Amino acid sequence: MDASATEWLKRGRVLFAQECKFLRPIKAFADLPPTKLPEVAFAGRSNVGKSSLINALTNRKTARVSNTPGRTRDINLFDLGGRLTIADLPGYGFARAPKAMAEEWRHLIHAYLKGRPQLRRVCLLIDARHGAQDNDREMMASLGAAAASYLLVLTKIDKLKESERSSAINDAIALARTHVASHPDVIATSAETGDGIAELRAHLAHVASAPQRRYKAASGGRRE
Ligand code: GDP
């Protein structure tokens with residue numbers, strides 16, 4: 001039988017309490033290390049709140065919150081406790097990005113989505129105030145074409161009045177349900193207030209590899 005929702009919240013908390021180690025920036029598909037762990041990627045428009053969300057999830061300054069939107073063009077990889085690789089994908093849709101840069105981005109993301117079998121889930125971040133924009137829909141189409149399973153995650157939900165939140169969430173759910181590769185649920189988050197962070201951790205705990213059982217030699221090989 002599947003564990004209860006409470007149990008998954010606990011598993012998510014335990015997973016994200018692990019050390020999160022920066023592996024390296026990836027500029028080209030060929031640079032990607034052949035890691036064995038399940039991988040989850042975070043994607044979204046530049047300034048959507050991706051770095052803030054990764055920092056809130058990991059409870060530390062894992063990703064750099066940038067003052068210059070659109071600057072990071074690399075995929076940044078992190079190892080979370082030897083159980084999950086986190087891939088922070090470069091943000092898209094930065095208006096002032098030169099054309100050649102946008103093209104490079106497209107190449108790298110396309111190669112990554114198609115050629116990374118350990119990729120289990122992409123969290124596609126949407127700013128709750130604006131809803132899905134054209135380039136978010138293009139990203140959804142690319143994810144669908146690559147058969148990459150993804151979850152829509154609303155960010156900055158604290159910026160909406162209580163009365164506006166459910167319509168933003170319902171719009172995102174309606175959008176998700178018209179795309180086969182999209183998970184039918186949507187998680188609304190705030191890096192400011194912590195809303196939705198525990199739920200997202202629980203969601204990602206389903207994807208991570210199980211914790212290693214450690215054996216204690218001194219206790220006759222009993223499990224810790
Ligand atoms: P990125 O470019 O997608 O990595 O976005 P950042 O994490 O750098 O965030 C962009 C801006 O949005 C920063 O000024 C953040 O402080 C702000 N921000 C990010 N997440 C939230 C949130 O949940 N609530 C609020 N109110 N602001 C946020």
Side-chain angles (χ1 to χ4, degrees), residues 12-13 16 20-27 39-78 80 85-98 101-102 104-106 108-109 112-113 121-140 142-143 148 150-169 171-172 185-204:
R13 195 169 60 241
F16 279 88
C20 190
K21 272 195 306 220
F22 178 59
L23 294 175
R24 58 175 140 130
I26 308 295
K27 292 195 187 306
E39 191 158 308
V40 57
F42 288 81
R45 286 160 59 86
S46 120
N47 220 36
V48 69
K50 187 158 51 63
S51 313
S52 304
L53 182 68
I54 294 174
N55 290 344
L57 283 169
T58 54
N59 224 346
R60 51 184 83 75
K61 291 206 161 32
T62 298
R64 197 165 40 92
V65 176
S66 155
N67 294 321
T68 327
R71 246 190 49 184
T72 322
R73 308 316 296 169
D74 310 334
I75 296 176
N76 285 315
L77 289 186
F78 303 89
L80 181 61
T85 307
I86 294 177
D88 179 5
L89 304 185
Y92 52 83
F94 178 52
R96 276 182 285 146
M101 211 185 204
E104 259 174 47
W105 179 92
R106 205 162 269 130
L108 178 59
I109 298 301
Y112 174 78
L113 294 178
R121 185 75 28 93
V122 177
C123 293
L124 179 54
L125 276 42
I126 309 272
D127 191 318
R129 294 168 302 173
H130 310 310
Q133 306 287 299
D134 286 348
N135 43 17
D136 295 319
R137 290 168 196 274
E138 273 169 39
M139 187 65 186
M140 290 174 80
S142 304
L143 289 163
Y150 62 96
L151 171 75
L152 295 186
V153 176
L154 293 178
T155 59
K156 310 187 190 181
I157 196 74
D158 60 285
K159 292 220 178 193
L160 294 189
K161 292 195 203 94
E162 203 67 55
S163 57
E164 299 165 331
R165 292 186 188 182
S166 49
S167 85
I169 295 169
D171 285 354
D185 296 331
V186 165
I187 300 182
T189 64
S190 164
E192 285 284 316
T193 63
D195 277 3
I197 299 299
E199 289 75 11
L200 185 51
R201 286 182 184 144
H203 181 94
L204 298 177

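These figures come from a predicted structure and were not determined experimentally. Ligands are counted one by one from 1 in listed order, and the atoms in each one are counted from 1 as well. The figures that follow rest on heavy atoms only: side chains count, while hydrogens, waters and symmetry mates do not.
Less than 4.0 angstrom separates some heavy atom of Asp158 from each of these atoms of ligand 1: 22 (C), 23 (O), 24 (N), 25 (C), 26 (N). The contact set between ligand 1 and Asn47, taken as ligand atoms under 4.0 Å from a residue heavy atom, comprises 1 (P), 2 (O), 3 (O), 5 (O), 10 (C), 11 (C).
Not close to ligand 1: Gly44, with no non-hydrogen atom less than 4.0 angstrom away.
An N or O contact shorter than 3.5 Å links Ser52 to ligand 1 by distance. Between Lys159 and ligand 1, no pair of N/O atoms sits closer than 3.5 Å. Every N/O-N/O distance between Thr155 and ligand 1 stays at or above 3.5 Å.
Every residue two or more places apart in sequence or in another chain that forms a salt bridge (charged side-chain N to carboxylate O under 4.0 Å, His left out) with Glu39 is listed here: Arg116.
Side-chain atoms of Arg121 and His203 form a donor-acceptor pair, as typed in the model, at a separation below 3.5 Å.
Under the side chain to side chain contact (heavy atoms under 4.5 Å, CB included) rule, Ile86 has a single partner from Val40, Asn76, Leu23, which is Val40.
Comment: Lys50 engages Asp88 in a salt bridge, judged by a side-chain N to carboxylate O separation of less than 4.0 angstrom.
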- Task: Verify side chain to side chain contact (heavy atoms under 4.5 Å, CB included) between Arg129 and Leu160, making sure each step is shown before the conclusion.
- Result: CA-CA 7 Å; Arg129 294 168 302 173; Leu160 294 189; 3.9 Å; yes
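Across the listed options Gly49, Ala191, Ser51, Ser46, Ser51 owns the non-hydrogen atom lying nearest to atom 4 (O) of ligand 1.
Residue contacts with ligand 1, taken as heavy atom pairs separated by less than 4.0 Å, involve Val48 via backbone and side-chain atoms alike.
Counting only residues at least two apart or in different chains, side chain to side chain donor-acceptor pair (under 3.5 Å) contacts with residues 152-162 comprise Asp158-Ser190.
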